[in-house]
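First the proteins, then the strands, lettered A, B, ... as listed; each starts at 1. For the numbers below, each heavy atom of this structure counts, side chains included, while hydrogens, waters and symmetry mates do not.
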Amino acid sequence: MKPLYYVTTPIFYVNGAPHIGHAYTMIAADVLARFKRLDGYEVYFLTGTDEHGQKVEKAAQDAGLSPQAFTDQISTNFAELAAQMNITHDQFIRTTEARHRVASQAIWNKLQANGHIYLGGYEGWYAIRDEAFYDESELSTNAAGQRVAPTGAPVEFVTEPSYFFRMSAFQEQLIAHIHANPDFIGPVARRNEVLGFLKEPLRDLSISRTSFKWGVPVPGDEAHVMYVWLDALTNYITALGYPDENAELWKFWPADLHLVGKDIIRFHTVYWPTMLMAAGLPVPKRVFAHGWWTVEGEKMSKSVGNVIDPAELAHVFSVDAIRYFLLREITFGSDGDYSRAALIRRLNVELANDLGNLAQRTLSFIAKNAGGVMPVRGKADATLDGFIAALPGQVREAIDRQGFNDALETIWVAIRAGNAYIDQQAPWTLRKTDLVQMEAVLAKLVDLLRVVATLLQPFMPESMAKMLDQLGVSDDARDIATLLVPIASGTVLPPPAGVFPRFVEDAA
RNA sequence: GGCGGUGUAGCUCAGUGGUAGAGCAGGGGAAUCAUAAUCCCUUGGUCGGUGGUUCAAAUCCGCCCACCGCUACCA
């Protein structure tokens with residue numbers, strides 16, 4: 001039986017149009033899902049949209065739509081983004097689905113049955129103008145003697161009945177779990193951040209609201225709807241059939257990886273695990289937080305007008321180029337800067353010059369001088385053998401810790417070695433002196449390209465499919481295990497065509 | 001304020017005790033199979049500052065400077 005792997009993106013909040021940041025999360029998760037499939041795992045990959053809450057209710061109202069009609073529309077945009085980015089999710093979940101209401105109410109009932117929910121009052125300083133609560137420490141007094149928020153809005157002390165989750169009861173258990181499982185939170189900086197946060201006593205979590213209606217009703221008290229995070233986080237198990245633990249997909253729980261943005265790390269490493277502990281369910285194996293992108297050195301924002309539309313970008317360059325750039329440019333987990341110049345540099349230098357040209361020079365040489373078939377292996381110089389043998393393991397190791405750029409750098413070291421090798425071996429000289437040796441050299445290069453293209457499939461599925469076609473690798477021989485079966489000498493290689501054209505800026 | 005992190009070549013970064021590294025950019029050369037792509041060589045750094053530990057510090061410790069993150073219930 002295949003080992004299982006369950007990876008998720010966050011469900012995206014439907015309060016605006018998808019941008020490059022959403023694409024980034026999806027792409028990273030997709031590379032993991034594709035790699036694990038390639039490596040023999042049975043993978044389940046979940047993404048979707050988070051559609052409840054006061055903000056959505058308000059945005060729908062502003063748009064003159066019912067909340068359901070509004071979320072239908074926005075959710076579709078995210079589903080389209082996934083399709084445009086070549087995302088291979090197995091399921092797209094929406095929190096407004098009936099089954100999700102069932103699951104959310106089920107986990108609520110479970111928490112309640114286990115004695116971890118109580119009715120209390122949610123009190124605080126509320127600014128009507130901001131529609132937000134503020135901590136006492138944030139307040140100041142204005143000239144008129146009013147208590148005001150940092151925004152200047154007047155605040156008043158309000159109390160609203162609310163159910164609470166006894167999160168404080170799980171603090172020690174959570175801390176112990178984080179210490180016992182060093183890989184539970186990544187990257188390490190985020191783990192330290194969460195541990196730092198847990199040095200202070202954990203407060204119980206307000207998990208219901210009466211101030212708006214657009215949410216999952218609290219079982220037995222329909223004046224309340226569930227606090228959005230309780231509802232939202234539950235999506236990860238709704239998708240697997242919860243509360244039916246006999247469901248076909250339930251075998252995937254606990255998740256191997258929740259991929260999230262750094263802004264929601266706490267919800268995933270504090271709220272969610274304690275909720276699961278309270279419900280008697282296993283916690284996810286790992287949560288990894290990625291960083292944010294700036295654009296040309298500036299924070300991406302609607303008001304600045306520099307929000308990058310991934311679909312537009314993919315139209316100008318290619319989906320594969322964008323997928324590659326986003327995972328290559330920076331260490332996964334850190335913030336990064338997108339710039340058009342940097343993207344073009346990666347595309348031209350690494351994809352077109354290094355990889356694309358290596359494939360093209362090798363394959364066109366074979367087409368012209370070796371009969372257009374896989375050459376006969378021989379006693380070629382062994383320089384590339386180490387790369388060919390080690391690459392799958394090295395890439396696997398990097399992928400398993402979400403070290404996408406390390407994985408790519410490792411592959412590129414091998415590609416550069418391939419270019420050095422062809423120059424040193426000079427098959428164009430061997431053509432006149434030693435045809436057997438010439439074939440041996442060319443075969444070695446094809447073997448290297450085959451490993452490289454195979455391992456790059458998760459990153460650039462379309463381009464690598466083309467490259468593997470040209471390398472004579474059949475559709476059923478493109479996974480990692482099958483790398484052990486060499487391409488047979490004499491296999492007909494289709495006429496080569498450049499996979500990564502150089503990007504030339506329009507003269508206009 | 002508290003806790004944590006970062007500061008290394010023009011740029012982006014790797015390097016956690018033992019003669020400063022990579023990629024890109026710059027300079028020189030080679031080759032001409034290839035998407036004028038490639039390969040080789042090379043310029044360039046008092047490793048934020050300062051004091052200390054050590055035979056030896058980018059790497060450990062103290063202090064200082066700069067920048068960043070977290071410091072809970074909008075997601």
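- When the salt bridge (charged side-chain N to carboxylate O under 4.0 Å, His left out) test is applied to A:Asp337, no partner is found at least two apart in sequence or on another chain.
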In a table with atom names and distances, give each donor-acceptor pair under 3.5 Å that connects a side chain of residues 192-199 of chain A to protein atoms at least two apart or in another chain.
unit_1, atom_1, unit_2, atom_2, d
A:Glu193, OE1, A:Arg190, NH1, 2.9
A:Glu193, OE2, A:Arg190, NH1, 3.4

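- For A:His100, the side chain to side chain donor-acceptor pair (under 3.5 Å) partners at least two apart in sequence or on another chain are A:Ser104, A:Asp231, A:Thr238.
- Residues satisfying the side chain to side chain donor-acceptor pair (under 3.5 Å) test with A:Gln171, not counting sequence neighbours, are none.
- Within the 4.0 angstrom heavy-atom criterion, only backbone atoms of the sugar-phosphate kind lie near A:Asp50; the bases stay farther away.
- Taking A:Thr96 as the reference, A:Glu51 meet the side chain to side chain donor-acceptor pair (under 3.5 Å) condition, with sequence neighbours excluded.
- Partners of A:Ser463 under the side chain to side chain donor-acceptor pair (under 3.5 Å) rule, at least two apart in sequence or in another chain, are A:Asp320.
- Among the atoms of the strands shown, none is found under 4.0 Å from any heavy atom of A:Leu358.
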In residues 442-452 of chain A, what donor-acceptor pairs under 3.5 Å come from side-chain atoms, sequence neighbours left out?
unit_1, atom_1, unit_2, atom_2, d
A:Lys444, NZ, A:Asp385, OD1, 2.8
A:Asp447, OD1, A:Arg377, NH2, 2.9
A:Asp447, OD2, A:Arg377, NE, 2.8
A:Arg450, NH1, A:Val485, O, 3.0
A:Arg450, NH2, A:Ala477, O, 3.3
A:Arg450, NH2, A:Thr482, O, 3.2
A:Arg450, NH2, A:Val485, O, 3.4

Reading nucleotides 2-16 of chain B from the 5' end, what letters show protein touch, with B for base, S for backbone sugar-phosphate only, - for no heavy atom under 4.0 Å? -S-------------
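- Residue-level contact check: A:Phe197 touches the bases, meaning some heavy atom is under 4.0 Å from a base atom.
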Footprint string (nucleotides 27-36 of chain B, 5' to 3'): B base within contact, S backbone only, - free, heavy atoms under 4.0 Å: ----SSBBB-
